[in-house]
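Letters A, B, ... are given to chains in the order of the sequence lines, protein chains preceding strands, and every chain is numbered from 1. No hydrogens, no waters, no symmetry mates; every other heavy atom, side chains included, goes into these values. These figures come from a predicted structure and were not determined experimentally.
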Amino acid sequence: MNLDITLPDGSVRSFENSITGDELAKNIGSRLHKDAVCIEIENKFYDLSYSITDNCNVRIVTINDLDALHILRHSSAHILAQAVLNIFPNTEYGVGPSIENGFYYDFKFTKPISESDLEQIESEMKKIVKSKQEFVRDEISKKDALKLFKKQSFKVELIKSAESSEGVTNDYVSTYSNEQFVDLCMGPHIPNTSFLKHFKLTKVAGAYWRGDENNPQLQRIYGTSWFSKEDLDLYMAQQEEAEKRDHRKLGNELNLFTSTDELGSGNFIWKPNGAILRDVIETFSKNAHLSNDYQLVNTPHIGKSVLWETSGHLAHYKENMYPPVVHEENNETYYLKPMNCPFHILVYKSDLHSYKELPIRFFEFGSVYRYEKTGVLHGLLRLRGFTQDDAHIFCTKNQINEEVKTLLNFSVKLLNAFGLSEIEADLSTKPDKSIGSDDDWDMATESLKKSLTELDIPFATAEGEGAFYGPKIDLHVKDAIGRRWQLSTIQVDFAQPDNFDIEYVDNNNKKIRPVMIHRALLGSIERFTGVLLEHYAGHMPGWLSPVQIDILTIGNVSSYVAEIKEHLKDFRINIDDRNVRLGEKIHNSQKLKVPIQLIVGEKDVSNKTFAINFYHADDKKDIEFEKGIKEINNYLKTPEFDLNG
RNA sequence: GCCGGAGUAGCUCAGUGGCCAGAGCAGCCGACUUGUAAUCGGCAGGUCAGGGGUUCGACUCCCCUCUCCGGCUCCA
């Protein structure tokens with residue numbers, strides 16, 4: 001027999017007999033052999049020990065390969081489970097995949113473990129690593145597998161449900177074992193446990209079996225693993241950096257917002273500095289809207305139950321609404337609004353509309369209240385009360401494409417103005433449960449897709465993730481350290497115009513149903529503020545900073561400071577004229593991340609100068625008055641918002 | 001909602017089944033009159049999240065509630 005193996009560079013190696021991946025790697029080169037993790041044949045991965053019998057294309061996957069990292073992490077999960085079983089023999093184990101940055105394994109312990117147990121498990125893993133155990137692949141019949149795993153109810157369930165992804169097909173299952181530990185698995189794996197050198201168990205969490213909340217809850221152990229110590233250290237440093245940027249921590253340090261037990265979950269109170277920050281963000285957004293054909297409206301926080309019956313919220317969204325406010329004497333029931341749309345429809349309905357007016361765009365900073373489950377609340381990012389930069393656009397079907405395009409452009413420009421420039425989109429299509437005709441869905445979905453393509457915005461399609469009333473586009477931004485945050489959402493809606501029976505008069509004097517587009521671009525002001533804080537690590541750009549300039553005095557310079565302040569009256573300024581050393585004033589100012597320290601001493605008065613410390617720049621001393629004022633104006637300038645720019 | 005962890009002064013955190021619970025920062029009072037990352041001294045500040053229980057005695061052990069943290073589920 002003759003076996004021809006084609007390598008990625010196109011070269012062909014011939015062998016007399018079948019050859020394992022390991023032998024092939026060795027045959028190619030010793031360095032490659034040393035770093036080899038597994039092999040790839042025709043886009044499928046196999047163990048290094050796999051025997052190649054037919055002519056094919058083969059790639060040796062090494063530790064420098066991203067694919068190898070997944071294999072390492074999957075093997076890490078096996079070793080984790082093995083360690084856990086060694087320490088707690090009666091534990092049942094579920095599944096343990098590789099995930100972004102690491103791996104996890106789900107267990108049902110006889111007694112719950114806590115984070116303090118991780119150290120012990122980690123050292124048991126190290127023992128397994130040190131003993132260099134080989135991962136051995138086997139294929140056994142389903143019957144034998146059921147016998148083998150008879151004390152492991154989760155594995156039995158997997159075998160019975162014939163999940164091919166877990167190494168189960170119709171008649172046989174594949175297993176991997178090292179020493180006594182056996183697991184159902186498709187593989188492949190690292191050749192032996194000693195490949196796992198740089199890892200860390202990070203946290204313990206609850207997780208439902210198979211991700212279904214009706215199933216029992218298991219304990220999940222998370223870990224991270226890497227081929228080099230540098231990569232592990234880098235990852236750990238990134239985690240630390242993310243912790244430093246935590247908006248909840250910064251909000252406290254910078255006196256922006258706070259929460260208290262008596263307030264209740266999911267709501268924050270905004271302190272003066274935080275309220276200013278919000279207001280600057282809102283004002284910028286409001287001006288952008290007003291100069292681009294939006295009309296400001298204003299609506300209340302509660303409405304009668306009939307409104308929510310008409311809108312369908314009570315039928316579809318009740319569990320997310322706060323309980324009703326009942327006025328028993330008057331026999332009236334009110335609800336806090338979870339969304340603004342019904343109110344904006346009422347605004348629309350309050351007048352008769354001609355086709356000549358469309359599109360009509362109503363804009364409002366609308367505070368909404370949603371009774372989110374306690375466990376999902378998270379700082380400013382997930383709240384029960386928040387304010388959307390919300391607008392509803394009423395237009396004809398033919399206007400959807402143009403309108404969505406304008407909207408996407410608007411949103412991108414708006415996010416750019418705040419320094420968020422890496423933007424990606426998700427296009428969510430028709431879900432299983434939906435209303436409206438297929439034609440409408442197709443037309444709207446195509447319009448959205450076309451808009452994204454025309455504007456060259458990279459997007460992924462999320463099949464079936466749309467709202468029941470229409471497809472949507474969500475925009476995500478990447479922050480300074482590469483994390484993705486969902487901000488804008490744009491949704492086409494066929495249902496609410498029907499529910500509320502709204503119309504416009506067309507050029508034949510006929511009454512026609514308009515289409516609605518729901519959209520929030522910053523999303524929620526609270527959430528957006530939180531994202532900005534994390535993006536900038538609290539060092540807000542000058543125009544956004546709650547305090548923009550700290551004037552720090554040395555000696556008695558009050559009349560000169562007044563003169564300086566007069567020339568900077570557009571800005572938010574604090575004066576620190578306490579009788580303390582300059583070093584302390586600077587320390588305090590920098591701690592609060594004020595972008596500019598303007599330092600004025602007595603000798604500046606006669607010279608008509610001052611010193612400026614800009615954030616992230618060298619100190620500037622003896623700056624001439626006019627020049628300094630100019631530089632500060634420049635540094636604190638509010639960005640332009642120009643849709644065509 | 002579920003699993004696990006936690007809640008001590010305004011903030012960051014020590015602390016022990018047994019006199020009256022500590023520190024730093026912030027605050028107040030006083031001294032220092034200050035030129036680039038915290039001047040010195042004093043004072044005040046707490047129902048140890050709230051409620052119940054065990055105990056001669058609970059901040060400490062147990063139960064319930066609230067709030068927060070890490071996840072899961074959810075996210076129109």
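Distance CG (A/L598) to C1' (B/G35): 13 Å, rounded to an integer number of Å. Straight-line distance from the CG atom of A/N607 to the P atom of B/G35: 17 Å, rounded to whole Å. If you take CD1 of A/I113 and P of B/G5, they are 10 Å apart, rounded to a whole angstrom. The separation between A/Y208 atom OH and B/C2 atom P is 8 Å, rounded to whole Å. Between the CD1 atom of A/I599 and the P atom of B/G35 there is a distance of 12 Å, given to the nearest Å. Rounded to an integer number of Å, the gap from A/L377 CG to B/C2 P is 14 Å.
The side chain of A/S265 contributes an N or O atom lying less than 4.0 Å from OP1 or OP2 of B/C68. A sub-4.0 Å separation between OP1 or OP2 of B/G70 and a side-chain N or O of A/R248 is present. The shortest distance between the side-chain N/O atoms of A/T374 and the OP1/OP2 oxygens of B/G1 is below 4.0 Å. Of the side-chain N and O atoms in A/N252, one or more sit less than 4.0 angstrom from OP1 or OP2 of B/U12. Here A/H378 reaches the OP1 or OP2 of B/G70: one of its side-chain N or O atoms lies under 4.0 Å away. For A/K472, a side-chain nitrogen or oxygen approaches OP1 or OP2 of B/A76 to under 4.0 Å.
The side chain of A/Q219 sits closest to B/G4 out of B/G35, B/G1, B/G4. Side-chain proximity of A/H587 to the nucleotides B/A38, B/G4, B/C72 is greatest for B/A38.
Nucleic acid contact class of A/E602 (heavy atoms, under 4.0 Å, all strands): base. If you check every strand for non-hydrogen atoms under 4.0 Å, A/R382 touches a base. Within 4.0 Å of A/K203, counting heavy atoms only, lie sugar-phosphate atoms of the nucleic acid but no base atom. Contact annotation for A/R581: base contact, defined as any heavy-atom pair under 4.0 Å involving a base atom. Backbone-only engagement by A/G266 is indicated by non-hydrogen atom pairs under 4.0 Å involving sugar-phosphate atoms exclusively. Contacts of A/G375 with the nucleic acid, taken as non-hydrogen atoms under 4.0 Å apart, include base atoms. Among the atoms of the strands shown, none is found under 4.0 Å from any heavy atom of A/E115.
For the pair A/Y222 and B/G71, the ring geometry does not qualify as stacking, because the centroid separation below 5.5 Å and plane angle under 30° are not jointly satisfied.
Of the nucleotides present, none pairs with B/G57 by Watson-Crick or G-U wobble criteria with both distances under 3.5 Å. For B/U47, there is no paired nucleotide, since no Watson-Crick or G-U wobble pair has both relevant distances below 3.5 Å. Of the nucleotides present, none pairs with B/U16 by Watson-Crick or G-U wobble criteria with both distances under 3.5 Å. Shown here, B/C66 forms a base pair with B/G7; the pair counts as Watson-Crick or G-U wobble because both key distances fall under 3.5 Å. Under the Watson-Crick or G-U wobble criterion, with both distances below 3.5 Å, B/U39 is paired with B/A31. Base pairing of B/C72: its partner is B/G1, meeting the Watson-Crick or G-U wobble criterion (both donor-acceptor distances under 3.5 Å).
The base of B/U33 sits within donor-acceptor range of the side chain of A/N579, with an N or O pair under 3.5 Å.
Between A/R210 and A/E157, at least one side-chain N (NZ, or NE/NH1/NH2) sits under 4.0 Å from a carboxylate O, which counts as a salt bridge.
The aromatic rings of A/Y369 and A/H301 sit tilted relative to each other, their planes meeting at an angle between 30° and 60°. The aromatic rings of A/F363 and A/Y294 stand perpendicular to each other, their planes meeting at an angle above 60°, with 30° marking the opposite boundary.
A side-chain donor from one of A/T387 and A/E526 sits under 3.5 Å from a side-chain acceptor of the other.
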